[in-house]
Amino acid sequence: MARKREIAIVGGGGGAVCLLDALSQIPGPPAAVTVFEPSDRLWRGRPYQRDADCIVVNLPSRAMSVRGGDPRHFDRWLTDRRWQPGDPRDLGPYDVAAFPPRALFGEYLETVARHATARLDECGWRVRLVRERVVHAAPGAGGAVLTTEPGTRHRADRVVLCTGAGGPHDGFGLRGPEAGFVPDPYPVSETLAGIDPQDTVAVLGTGLTAVDVVLALRAGGHRGPVYMLSRHGVLPAVRQQPVAHTLRHFTPDRFHALSGGGEVGFDEVVRVLREELTSAGQDFAELETEFALLREDPVRRLRRQLDLVHGQNLGLRILQHTLPVAVDVWPLMPYRDRTELLRRHYRALHSLCCPMPPSTAARLLTMSEAGRLRVTGGLSDVRRTRQGFAVAADGRLIHADTVVNAVSVAPDRVPPAAAPLVRSLIEASAATAHPHGGLRVRRENSRLVADGGSQECFYALGDMTFGSLFITAAIPVVVKLAREIAGELVSP
C-alpha cells in the first residue's frame, strides 16, 4: 500500500480553513494533513475571535464565502443560524448589504473546518491537530523536517505557511509594564474594558482596525475625547451599494497576453482599467477625483462618500471587483513600478479597495459632529509622561490618558511568533525575504522562492506573501489562492 503524502499546515486560522475546505472539495489521492496551531484562536485567527458584536466584517456577507465557486455558502450558513441579514437591528440607515459581526464569521470558520475535516476523513484522509508552535523548518528526508517549540520533529512532503498577520507594530516603543498602553486591541471586549469612560484616548492608526477600536469605545459607553491619528490621516473609504459586475477587460488572461511572457507596466494597467470602466459606461475621472481628494479633510471626505452610497457612478465598485485579479497583475509589473506604486499610491488603493460599511462610517461621522472624535494626520511621535502620553501630530501636542495601538503590522510582514520559523527557512536557503515585506513566492503556485528557484515542498498563503503578491489578506483573495495551492498539494 502506497504511503500517504504528508501535508503540514503551519497556522490554524482563516487561511488554514480555506485550504482545508478546498482540499475537501477537489478529487485526489488521500493524504495525511497535520495542522500546527498553539493558540486558543483555532480556526478563527486574530481578526475573528469571540468579541463584541459591534465589530463587523468589512465585506458584505455575499463576498465572505470561504467555499471557492460558491459565493452563497456563507449566506446559507447565516440563514441556517437564523441570522437575518435584513434585520434592522443589524443594518443601519445607510447600509446596503449584510455585514455580520466578526465573531459570527469566526463561528462560521469553525463550522467549515469541522465539516471539511469530516469530509476528508470520509474520503480516507487523516487530519490531526498539533497544539505546538513550529519554530524551525528545513528541507530534508525528501521533503521537509519541522521542529516544534518542545523539540518534537515532524516530517512532511509539503508545507504551507498560514501564519496570518501579526499584531500592530510598536513603532514608538511604548510596550512595557506601565499601564495605559494597549499594544493590540483584539479582542476589544477585553483590551478596552478597563478604560475610564472619561479618558482621552489616542488611537494610533486610521485604518480598519482603528475604526473597530472607535466603534467598540462608542458601544461600551465611552464619553471622553477620542483621537484617530496616523501619518496620513486617511480613513477607509465608504462602501457603496454593491453591484454585480463581470470583468471584461481587467482579467488575468488579458494581462498575460499583454505581457507576452514579459512585463506589463503600470501605465498599461491603468489603460486596461480605463477600458473596463468605459465598457461599463463609466468615467475614469471618478477614480482620478478620489485619488486627488485623498488628502481631503477626513470628516468632509466621510460625509461626501456617505452621500455617494446609493450613487449611480460605478467606478469605485468596479475597482473593488478587480482586487482578486490584482494578485495576477502585480507580479507582471516591473519591480520599479511596484515600488513606486507602493510609495505613492498604496494608502489610496488600500482605502478605496478595502472600504468600511456605510453604517460604520455614519457612526464615525456622528461622533465627529458631536465633537467626540477627531481624525488627525501628521503623527510623528508618542511618548509617556508622568500623567499619560504626549502625542505629536499635525504640528501640535495632544495629551492622552490611554493609547491604543491600531497601526499596521511590522514592515517585514512576519508575525513575531513566526520569526524563528522564517529565519530558519532563510538560513536553510528554502526562502528569501522580499524587499517589500513577506517572503518571495511564485505567483503560479505560491511556492517559496530561494536562490532564484521555487522550493518544491514549501508554500505560503496570506499576509506572508505581501510583496510578491498584493493585498493578500482579503477573503476572496485567500480563497482563490487556497484553491490553487490545494490543487498543487494533491497533484502527483
Side-chain angles (χ1 to χ4, degrees), residues 8-22 33-51 55 57-59 64 66 102-103 105-110 112-113 116 129-135 137 146 148-149 159-169 183-187 207-209 212 327 350 354 405-423 425 431 433-434 437-439 441 446 448 458-482 485:
I9 301 177
V10 181
V17 174
C18 293
L19 186 56
L20 283 173
D21 189 71
V33 179
T34 303
V35 179
F36 295 87
E37 176 53 64
S39 80
D40 59 357
R41 303 191 296 263
L42 179 65
W43 310 132
R44 291 174 175 263
R46 177 175 169 269
Y48 306 112
Q49 304 174 56
R50 293 173 178 84
D51 209 341
I55 306 302
V57 298
N58 295 299
L59 280 170
M64 293 291 287
V66 302
R102 286 201 191 187
F105 185 74
E107 187 179 331
Y108 165 67
L109 290 174
E110 291 178 335
V112 172
L129 178 64
V130 174
R131 302 308 295 262
E132 297 173 2
R133 189 183 315 280
V134 177
V135 295
L146 310 181
T148 62
E149 215 160 24
V159 179
V160 187
L161 304 183
C162 294
T163 55
H169 179 53
D184 185 341
Y186 297 126
L208 292 170
T209 301
D212 284 350
V327 173
H350 201 277
C354 303
N405 195 22
V407 300
S408 301
V409 298
D412 65 3
R413 299 276 171 162
V414 177
L421 169 62
V422 170
R423 187 164 52 249
L425 287 167
H434 194 287
L439 298 176
V441 297
S446 293
L448 297 189
F458 289 104
Y459 300 78
L461 176 65
D463 208 52
M464 190 77 78
T465 64
F466 184 88
S468 292
L469 306 178
F470 188 65
I471 306 188
T472 51
I475 287 294
V477 174
V478 174
V479 170
K480 172 180 177 173
L481 296 174
I485 294 173

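Residue indices begin at 1 and follow the sequence shown.
- Closest approach of G12 and V35 over heavy atoms only: CA-CG1, 4.0 Å.
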Discussion item. If you apply the rule side-chain contact (heavy atoms from CB on, under 4.5 Å), what do you find for L161 with L448, and how did you get there?
Written reply: CA-CA 10 Å; L161 304 183; L448 297 189; 4.3 Å; yes

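- With sequence neighbours excluded, the residues that form a ring pair (Phe, Tyr, Trp, His ring centres under 6.0 Å) with Y108 are H73, F74, W77, F105.
- Between R131 and L42, the shortest heavy-atom distance links the atoms NH1-CD2, 3.9 Å.
- V478 pairs by the side-chain contact (heavy atoms from CB on, under 4.5 Å) definition with C18, L461, not counting sequence neighbours.
- Applying the ring pair (Phe, Tyr, Trp, His ring centres under 6.0 Å) criterion to Y459, with sequence neighbours excluded, gives no partner residue.
- Listed by chain and number, the residues in a side-chain contact (heavy atoms from CB on, under 4.5 Å) with A22 are R483, A486 (sequence neighbours excluded).
- Taking S39 as the reference, E37 meet the side-chain hydrogen bond (donor to acceptor under 3.5 Å, both in side chains) condition, with sequence neighbours excluded.
- Of the inter-residue distances, the one linking D212 atom CG with N58 atom CG reads 6.5 Å to the nearest 0.5 angstrom.
- The CG atom of L208 sits 10.0 Å away from the OG atom of S408 when rounded to the nearest 0.5 Å.
- In this view, R41 satisfies the side-chain hydrogen bond (donor to acceptor under 3.5 Å, both in side chains) rule with no residue, not counting sequence neighbours.
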Practice prompt. Tell me, with the steps shown, if V409 and H169 meet side-chain contact (heavy atoms from CB on, under 4.5 Å).
Written response: CA-CA 5 Å; V409 298; H169 179 53; 5.9 Å; no

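- Rounded to the nearest 0.5 Å, atoms OG1 (T34) and CG (L129) are 9.5 Å apart.
- Shown here for A8 and L146, the closest heavy-atom pair between the two residues is CB-CD1, 3.5 Å.
- With sequence neighbours excluded, the residues forming a salt bridge (Lys or Arg N to Asp or Glu O under 4.0 Å) with E107 are R81, listed by chain and number.
- In terms of the salt bridge (Lys or Arg N to Asp or Glu O under 4.0 Å) criterion, residue partners of D21 (sequence neighbours excluded) are, by chain and number, R67, R119.
- With a 4.5 Å cut-off on side-chain heavy atoms, V159 and V134 do not count as touching.
- Applying the side-chain contact (heavy atoms from CB on, under 4.5 Å) rule to A417 yields the partners R133; only residues at least two apart in sequence or on another chain are considered.
- Pairs engaging residues 460-473 under the side-chain hydrogen bond (donor to acceptor under 3.5 Å, both in side chains) rule: R413-D463 [sequence neighbours left out].
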Discussion item. If you apply the rule side-chain contact (heavy atoms from CB on, under 4.5 Å), what do you find for V477 with L469, and how did you get there?
Written reply: CA-CA 10 Å; V477 174; L469 306 178; over 6 Å; no

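- Closest of all the heavy-atom pairs between G11 and A16 is O-CB, 3.2 Å.
- Minimum interatomic distance between I471 and C354 (heavy atoms only, all atoms of both residues): CG2-SG, 4.0 Å.
- Residues passing the ring pair (Phe, Tyr, Trp, His ring centres under 6.0 Å) test with H350 are Y346, sequence neighbours excluded.
- Between the CZ atom of R44 and the OH atom of Y186 there is a distance of 14.5 Å, given to the nearest 0.5 Å.
- With sequence neighbours left out, the salt bridge (Lys or Arg N to Asp or Glu O under 4.0 Å) criterion links R50 to E110.
- Closest of all the heavy-atom pairs between M464 and A418 is CE-CB, 4.5 Å.
- Atom-to-atom distance recorded for L421:CG and F36:CZ is 10.5 Å, nearest 0.5 angstrom.
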